[in-house]
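Protein chains get the first letters and strands the later ones, always in sequence-line order, with residue 1 at the start of each.
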2 protein chains.
Amino acid sequence: MARRKRPTMNDVAQHAGVALRTVSRVVNEDPTVGAEFVNRVRAAISVLGYTPDERARQLRGGRSGLIGAAVRNLSAGHPVLGSLDAAARAHGFTVHATATADEVDREREVVISMCGRHLDGIVLEPVGDNHQYLGPELDAGTPIVAFDRPAGGITVDTVVSDNAAGIGTAFRHLRAHGHRRIAYIGDQERIFTGHERAAAFRACMAATGDPVAGLTHPGAVEPARIAAALDAVLHGPDPATALITGNASTTFEVLRRLGPAAATLAIVGFDDFPLADLLRPALTVIAQDSETIGRTAIDLLRHRAADHARPVQTVTVGVELVVRGSGERSPTR
Amino acid sequence: MARRKRPTMNDVAQHAGVALRTVSRVVNEDPTVGAEFVNRVRAAISVLGYTPDERARQLRGGRSGLIGAAVRNLSAGHPVLGSLDAAARAHGFTVHATATADEVDREREVVISMCGRHLDGIVLEPVGDNHQYLGPELDAGTPIVAFDRPAGGITVDTVVSDNAAGIGTAFRHLRAHGHRRIAYIGDQERIFTGHERAAAFRACMAATGDPVAGLTHPGAVEPARIAAALDAVLHGPDPATALITGNASTTFEVLRRLGPAAATLAIVGFDDFPLADLLRPALTVIAQDSETIGRTAIDLLRHRAADHARPVQTVTVGVELVVRGSGERSPTR
DNA sequence: TTGAAAGCGCTAACAT
DNA sequence: ATGTTAGCGCTTTCAA
């Protein structure tokens, strides 16, 4: 298998005995080409195995039809990425997803690489909190949309979930089932969603007038940290009877740590996940509307592309309580 | 926010009062540029907000550092994609993942788009069974690797799991726990892995000499079809006491359908999944080695890039039985 | 309806 | 050590 030179449009033109311009017309389905010429060119294309060079084509101008998505992670399930892709496709775009690996430097690297390729838009699940390097790209008119968390240092269209409402709903749900000692274990507060959810929880607690000390536990999502938080919450003098977990991985760790004891506690998890209904007890959750988040991100992108002067907006997408059993138990003490 | 023209290398050169070539040198960190010039150019770059155009740069030749991955799905968890990305990164590449949505036409579309952008390599999770359109790309020397299933109509490096060994292991495991009536419910046979696993199951059954009728159920992964298969398997005159499920989604559907009755049956699922240990009973599975699959795919890509004449190879990656409880029950009748 | 020529933004021979 | 010039493969005025 000798490495053969890739045929260019010029090669096709020569092979077909026509001008370069004619090949270009055929490739771009320009109707003003004679049938005989079209055949000759098509034949040459097929014989040579010619495929157009998108780089050159786009260098000359025009849309790429490509949207870059810089997301934290490619291996874990990513429902928003799925709906982003579907929505993009529905509008004739293709999504290229790249992982930022939750690293600030890597995020900058992949996003700058996207900029260099002049895509039709960039969707960002921000990791860092300084995205000023995107200024020139923004100036050049590339639509940029942040989701899940806001971008930092630049003003771009943004889609986030209503974290505060979600925590509020979970809290009231547990209160309605008679719980007064409700604890929260979640993500680190330096992470946007971690902060929003912890803060909302604190606000809920404060509003009740009940004692609140020792019930709010933000921090790293690591077995040891979560085990410690659980200990603090369950084995103190006035143990919690209900628990709100701040994201899916925290929920998993909590369930794993509690084992059968999970059944003695009311639990509402932030974030739905595929097997939540198959767990025993099935898990009551606050589900984010990833379908709407993805679709909205693409809509914002398209509207921005259509009108660069329109005001920048942040869309907050509602969340939903999904009742499955774990959150409806009454306090046992 | 007026849409400003994107500054080019030429603009930088003029602003800095140097030649275009000098800017190119500075951008590419050529050491033969005088310190004073470097400063002038750097300043101009920063003032103008210049970013290099990768399309133009790569049009001129050289590597892009980009590997395209065409995978079936972006939203469900995709462990191989994660390890692919990690392995690629370790070798200085960036993975662009695009969804084929399990549609043959879409697959062709996204793969052809990848070809047009002249990436450094393409990793494919094949959907269709005719990839002859990749011939020219192969001839041009682009490394292409298929994983999970083989590509069709072309000869490319391939990484697959040892499906037959996995089914064999599951089968022998259940036999060792006393089961003689073992059933299989899995994916459609027109799908490569579906066929491989069903065929391996049939071979295992045949080798026992026991009656085999009505125990092998390949088909669409849909609630109704799976419910029917379960009925046939469990409510016949000689019901199965053990079950092998052919992939993760089938496992989910089976568990969902069985509900508490799942505890009366020995079950081994093909494919591990994040919450398998938290289910009650915890699920015994045949786990694919996605880490090795991803790493091997990138290795094959790199070796192909280094030596286009090397023989094409198919690597079969071993699978592992993970014992968790569901597969170790004895027959109850 | 077809073709010749310019140029997109960049890198790389080839001067100087 | 810096600058000039010719393309990379394509689209696009502008002629014929």
- Message: With a 3.5 Å distance limit and no angle check, can you tell me whether B/Glu107 reaches the backbone of B/Thr100 through a side-chain donor-acceptor pair?
- Response: no
- Query: Taking the inter-plane angle between the rings of B/His96 and A/His96 on a 0 to 90° scale, is it parallel (under 30°), tilted (30 to 60°) or perpendicular (over 60°)?
  - Reply: tilted
May I have the list of side-chain donor-acceptor pairs in residues 10-21 of chain A shorter than 3.5 Å, sequence neighbours left out?
unit_1	atom_1	unit_2	atom_2	d
A/Asp11	OD2	A/Lys5	NZ	3.4
A/Asp11	OD2	A/Thr8	N	2.8

- Message: Looking at C/dT1, I'd like to know if its phosphate oxygens (OP1 or OP2) sit under 4.0 Å from a side-chain N or O belonging to A/Thr32.
- Response: no
- Item | Main-chain N/O of A/Ser64 paired to A/Asp120 side chain as donor or acceptor, under 3.5 Å | yes
- Query: Out of D/dG3, C/dA4, C/dC10, which nucleotide sits closest to the side chain of B/Ala19?
  - Reply: D/dG3
- Atom CZ of A/Arg6 and atom P of D/dG9: how far apart are they, to the nearest Å? 10 Å
- Item | Comparing A/Glu54 and B/Phe37 on DNA chain D - which has the more 5′ nearest nucleotide | B/Phe37
- Note on the structure: Closest to the 5' end of DNA chain D, once B/Thr22 and B/Leu59 are matched to their nearest nucleotides, is B/Thr22
- Take the protein atom CG of A/Asp11 and the nucleotide atom C1' of D/dC10, then report the distance between them rounded to whole Å. 13 Å
- Item | Spacing between A/Arg63 atom CZ and C/dC8 atom P, to the nearest angstrom | 20 Å
- For A/Arg55 and D/dT11, what is the distance between atoms CZ and C1' respectively, to the nearest whole Å? 16 Å
- Message: From CG of A/Asn10 over to P of D/dT11, roughly how many Å is that when rounded to an integer?
- Response: 13 Å
- Could you please spell out the steps behind the side-chain contact (heavy atoms from CB on, under 4.5 Å) verdict for B/Ile293 and B/Ser161? CA-CA 8 Å; B/Ile293 295 176; B/Ser161 276; 3.4 Å; yes
- Message: Does any part of the side chain of B/Leu124, heavy atoms only, come nearer than 4.5 Å to the side chain of B/Met114, both counted from C-beta?
- Response: no
- Item | nucleotides 11-16 of chain C: protein proximity per nucleotide (B base, S sugar-phosphate only, - neither; heavy atom, under 4.0 Å) | BBB---
- Rounding to a whole Å, what distance do you find between A/His118:NE2 and C/dC10:C1'? 11 Å
- Which one, D/dG3, C/dG3, C/dC10, comes nearest to the side chain of B/Thr8? C/dC10
- Item | Salt bridge present between A/Asp299 and A/Arg302 (N-O < 4.0 angstrom) | yes
